[in-house]
Amino acid sequence: MGQLNYWLLLGSFLLLLATLSSTITARLGLPLLLVFLGVGMLAGDSGPGQINFSNYPLAFGVGNVALAVILLAGGLQTRIDSFRVALKPALSLATVGVVVSAGLAGAFAAWLLGLPWLHAMLLGAIVGSTDAAAVFAQLRYGGVRLNERVGATLEIESGANDPMAIFLVITLLSIMTGESQPDVLSMLGEFVRQFGFGAAGGLAGGWLLSRAAARFTLAESLYPLLVLGGGLMIFAAVNSAGGSGFLAIYLAGLVIGNRPLPASESVRGMMDGLAWLAQAGMFLLLGLLVTPSRLLPEIGPSLAFAAFLMFIARPIAVALCLVPLKFSRREIVFVSWVGLRGAVPIVLATFPIMAGVSGAVALFDIAFAVVLASLLIQGTLVPWMAKRCKVEVPDYPEPLARHGLRQPGRADWQIVQYRVVADAPGEHSMAHTAPHLEHGRAKPLAVLRGIRLALPRQAERLRAGDLIVLASTEEALPELGRWYGEAQNARMAYERSFFGDFVLDGDAPLTALAELYDFPIADSETEFDVATLIRSRLHRPAVVGDQIAFGHVTLIVRELERDRITRVGLKLDR
């Protein structure tokens with residue numbers, strides 16, 4: 001009992017220390033996962049903590065379970081609509097992109113580090129994929145909102161590229177340990193089994209689990225446990241069948257998160273918290289595995305290898321995958337930059353150690369150096385790169401609280417709360433006369449002023465500080481956030497700087513606009529409206545923030561209704 005209390009006290013202290021350190025890292029712009037990793041290193045045998053930990057099988061097991069929880073939570077928060085614009089590029093990056101990155105990195109490692117070719121290719125495979133934990137954390141909590149095409153591509157890629165990396169690592173290890181000989185047919189069969197079983201098991205398991213959650217009446221606090229238990233069961237079953245459990249649990253979360261589910265907000269909230277706990281525990285434990293004194297002698301070559309991966313291998317792989325899909329140069333640069341490495345390479349680096357491969361500890365140390373460099377350099381500069389590459393779009397204030405309505409057959413209505421801020425468009429308005437209520441996408445329920453609760457029609461005009469409660473659809477949340485939660489002058493100034501000074505309807509005639517602003521259009525485009533022109537020039541589904549330039553005029557997609565462009569911003573080059 002004394003030993004248990006000691007380790008529990010030590011583990012909880014490290015977790016608390018790393019979590020509280022996030023207030024400092026947020027000001028510095030550092031990724032929080034880097035802090036957890038750093039605290040683990042300081043607690044190790046080369047730091048002041050002096051904890052001697054070298055249990056690679058335990059780290060491997062904890063890392064796998066933690067990654068499964070993170071991918072489940074990530075799938076729950078991924079909207080199925082994002083596949084409209086991101087499925088092809090994400091799958092291309094998750095397969096071809098990983099192979100190209102791993103191959104280029106392996107060839108460079110053989111030249112720079114003098115490794116045997118199989119060892120070098122194994123190292124390339126270990127660091128070839130991006131990390132879901134790092135990508136989800138930076139994109140969702142990094143203070144930047146990306147356009148849908150770029151953000152969804154990065155998230156889906158990171159959730160789907162683990163099978164390819166694991167396939168490459170296991171194949172190379174089998175060859176190195178003499179368990180199998182290179183055979184194209186057997187390798188192709190293993191590849192199909194990994195992806196096929198993973199996809200089929202995840203989609204089928206997610207559908208069955210969502211049906212079970214909708215069929216049984218449970219206490220609200222039990223639904224997250226049902227989803228967690230079912231998700232881990234899918235992960236373990238698909239792994240046992242020889243498929244990719246990581247792909248399966250991500251797809252299961254995707255299916256569950258996009259189907260009607262009782263207590264959906266409770267499920268997402270608890271899974272989000274569990275994902276953070278899993279990330280913290282995993283990175284702390286992986287930090288304990290590292291001995292900094294082993295890293296120092298080879299730090300120069302390791303950082304050179306990391307730089308090659310970040311600035312050459314990843315950009316080449318991304319360009320090969322995304323140029324044929326009509327991604328812009330700025331989007332390709334940003335997707336290349338957010339090739340974040342995290343827990344996955346470190347967990348994969350334990351495979352050779354457990355397989356008894358010679359020189360495996362050196363591969364582990366190099367992989368760890370790559371992760372440190374990626375989080376410190378790439379992760380820190382994600383918001384800055386988003387601004388430089390112009391892939392961010394104006395964000396909107398989130399509700400103070402939201403709660404899903406248990407409505408058979410539908411999952412889009414929810415109860416939301418907003419605090420009215422000073423100078424917001426909704427200040428001094430009547431709660432039941434706001435513009436966003438006209439289309440039936442939201443309905444005010446109550447207004448709380450101090451300790452007095454009033455129905456919307458009984459309340460006088462709204463004041464700053466009032467708490468307004470509404471029933472709302474998901475698509476109304478951006479309008480609600482802007483109406484109640486943000487000062488009007490600040491919002492208008494920012495939107496003008498992004499979308500320009502003028503707003504056009506998507507069906508505005510193009511010819512009149514071209515004559516007014518003197519920009520050229522082709523003869524075949526004279527009958528187009530503005531929305532048709534943008535779609536024809538993009539050659540891909542539009543998202544908010546897409547831009548088409550005509551000399552001194554830029555047209556920017558401002559609002560979409562499903563796939564239809566409804567409003568467009570016009571910016572003049574000053």
Go through the structure and list residues passing salt bridge (Lys or Arg N to Asp or Glu O under 4.0 Å) with [X], not counting sequence neighbours.
| X | result |
| --- | --- |
| Arg268 | Glu265 |
| Arg564 | Glu561 |
| Asp162 | none |

So, does [X] use its side chain to make a donor-acceptor pair with the main chain of [Y] at under 3.5 Å?
| X | Y | answer |
| --- | --- | --- |
| Glu155 | Ala152 | no |
| Arg149 | Pro541 | yes |
| Thr350 | Val347 | yes |
| Asn161 | Ser129 | no |

Can you see which heavy atom on [X] is nearest to which on [Y], and at what distance?
| X | Y | result |
| --- | --- | --- |
| Pro397 | Tyr418 | O-CE2, 4.0 Å |
| Ser374 | Leu340 | OG-CA, 3.5 Å |
| Val382 | Trp337 | N-NE1, 4.2 Å |
| Leu71 | Ser158 | CD2-O, 4.4 Å |
| Met310 | Ile377 | CE-CD1, 4.0 Å |
| Ala275 | Ile70 | O-CG1, 3.8 Å |

Going by distance alone, is a donor N or O of one side chain under 3.5 Å from an acceptor N or O of the other, for Arg259 and Ser210?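 Side chains of Arg259 and Ser210: pair found under 3.5 Å.
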Could you check if a side-chain atom of [X] sits within less than 4.5 angstrom of a side-chain atom of [Y], using non-hydrogen atoms only?
| X | Y | answer |
| --- | --- | --- |
| Met271 | Val69 | yes |
| Asp131 | Arg341 | no |
| Leu226 | Leu218 | yes |
| Lys443 | Leu470 | no |
| Gln77 | Asp272 | yes |
| Leu538 | Lys326 | no |
| Pro352 | Leu173 | yes |
| Phe334 | Leu146 | yes |

Donor-acceptor pairs under 3.5 Å, side chain of residues 235-254 to any protein atom, not counting sequence neighbours: which ones?
unit_1 : atom_1 : unit_2 : atom_2 : d
Asn239 : OD1    : Gly245 : N      : 3.0
Asn239 : ND2    : Phe235 : O      : 3.4
Ser240 : OG     : Ala236 : O      : 2.8
Ser244 : OG     : Leu247 : N      : 3.2
Tyr250 : OH     : Thr78  : OG1    : 3.4

Out of the candidates Arg558, Arg330, Arg540, only one should pair with Asp546 under the salt bridge (charged side-chain N to carboxylate O under 4.0 Å, His left out) rule; please name it. Arg540
Could you work out, with side-chain contact (heavy atoms from CB on, under 4.5 Å) as the rule, every residue matching [X], not counting sequence neighbours?
| X | result |
| --- | --- |
| Arg419 | Leu400, Leu467 |
| Glu559 | Thr566, Arg567 |
| Ala102 | Leu168 |
| Ile332 | Val318, Ala319, Leu322, Val323, Phe327, Ser336 |

Summary of salt bridge (charged side-chain N to carboxylate O under 4.0 Å, His left out) pairs that have at least one residue in [range], sequence neighbours excluded:
| range | value |
| --- | --- |
| residues 233-254 | none |
| residues 223-250 | none |
| residues 83-95 | Arg84-Glu148, Arg84-Asp563 |

With rounding to the nearest 0.5 angstrom, report the [atom1] to [atom2] distance, [X] to [Y].
| X | Y | atom1 | atom2 | result |
| --- | --- | --- | --- | --- |
| Leu375 | Thr380 | CG | OG1 | 8.0 Å |
| Asn258 | Leu76 | CG | CG | 9.0 Å |
| Met121 | Leu123 | CE | CG | 10.5 Å |
| Met270 | Leu222 | CE | CG | 9.5 Å |
| Ser472 | Leu477 | OG | CG | 4.5 Å |
| Ile415 | Leu445 | CD1 | CG | 5.0 Å |

Does Glu392 come within less than 4.0 Å of Arg145, counting only side-chain N to carboxylate O? no
Can Glu398 and Arg482 be counted as an ion pair, charged N to O under 4.0 angstrom?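 A salt bridge is absent here (no side-chain N lies under 4.0 Å from a carboxylate O).
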For atom CE of Met354, decide whether the heavy atoms of other residues, nucleotides or ligands shown that lie under 6.0 angstrom number more than 12. yes
Applying side-chain contact (heavy atoms from CB on, under 4.5 Å) between Arg314 and each of Val338, Val100, Val335, report the one that passes.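 That would be Val335; it is the only one of Val338, Val100, Val335 passing the side-chain contact (heavy atoms from CB on, under 4.5 Å) with Arg314.
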Residue from Leu172, Thr171, Ile170 passing side-chain contact (heavy atoms from CB on, under 4.5 Å) with Ser174: Ile170
Full working for side chain to side chain contact (heavy atoms under 4.5 Å, CB included) between Val416 and Val469: CA-CA 6 Å; Val416 296; Val469 182; over 6 Å; no
Kindly determine whether Gln417 and Ile468 satisfy side chain to side chain contact (heavy atoms under 4.5 Å, CB included), including the steps that lead there. CA-CA 6 Å; Gln417 301 175 25; Ile468 183 166; over 6 Å; no
Could you go through Val344 and Leu67, starting from their C-alpha distance and side-chain angles, then the distance that decides it, and tell me whether this counts as side chain to side chain contact (heavy atoms under 4.5 Å, CB included)? CA-CA 8 Å; Val344 170; Leu67 285 171; 4.0 Å; yes
Counting only pairs under 3.5 Å, give me each side-chain donor-acceptor contact of residues 192-200, with atom names and distances, residues two or more places apart or in other chains.
unit_1 : atom_1 : unit_2 : atom_2 : d
Arg193 : NE     : Glu190 : OE1    : 3.4
Arg193 : NH2    : Glu190 : OE1    : 2.5
Gln194 : NE2    : Glu190 : OE2    : 3.3

With side chain to side chain contact (heavy atoms under 4.5 Å, CB included) as the criterion, how do Asn147 and Val544 come out once you've worked through the C-alpha distance, each side chain's angles and the decisive distance to 0.1 Å? CA-CA 6 Å; Asn147 78 49; Val544 172; over 6 Å; no
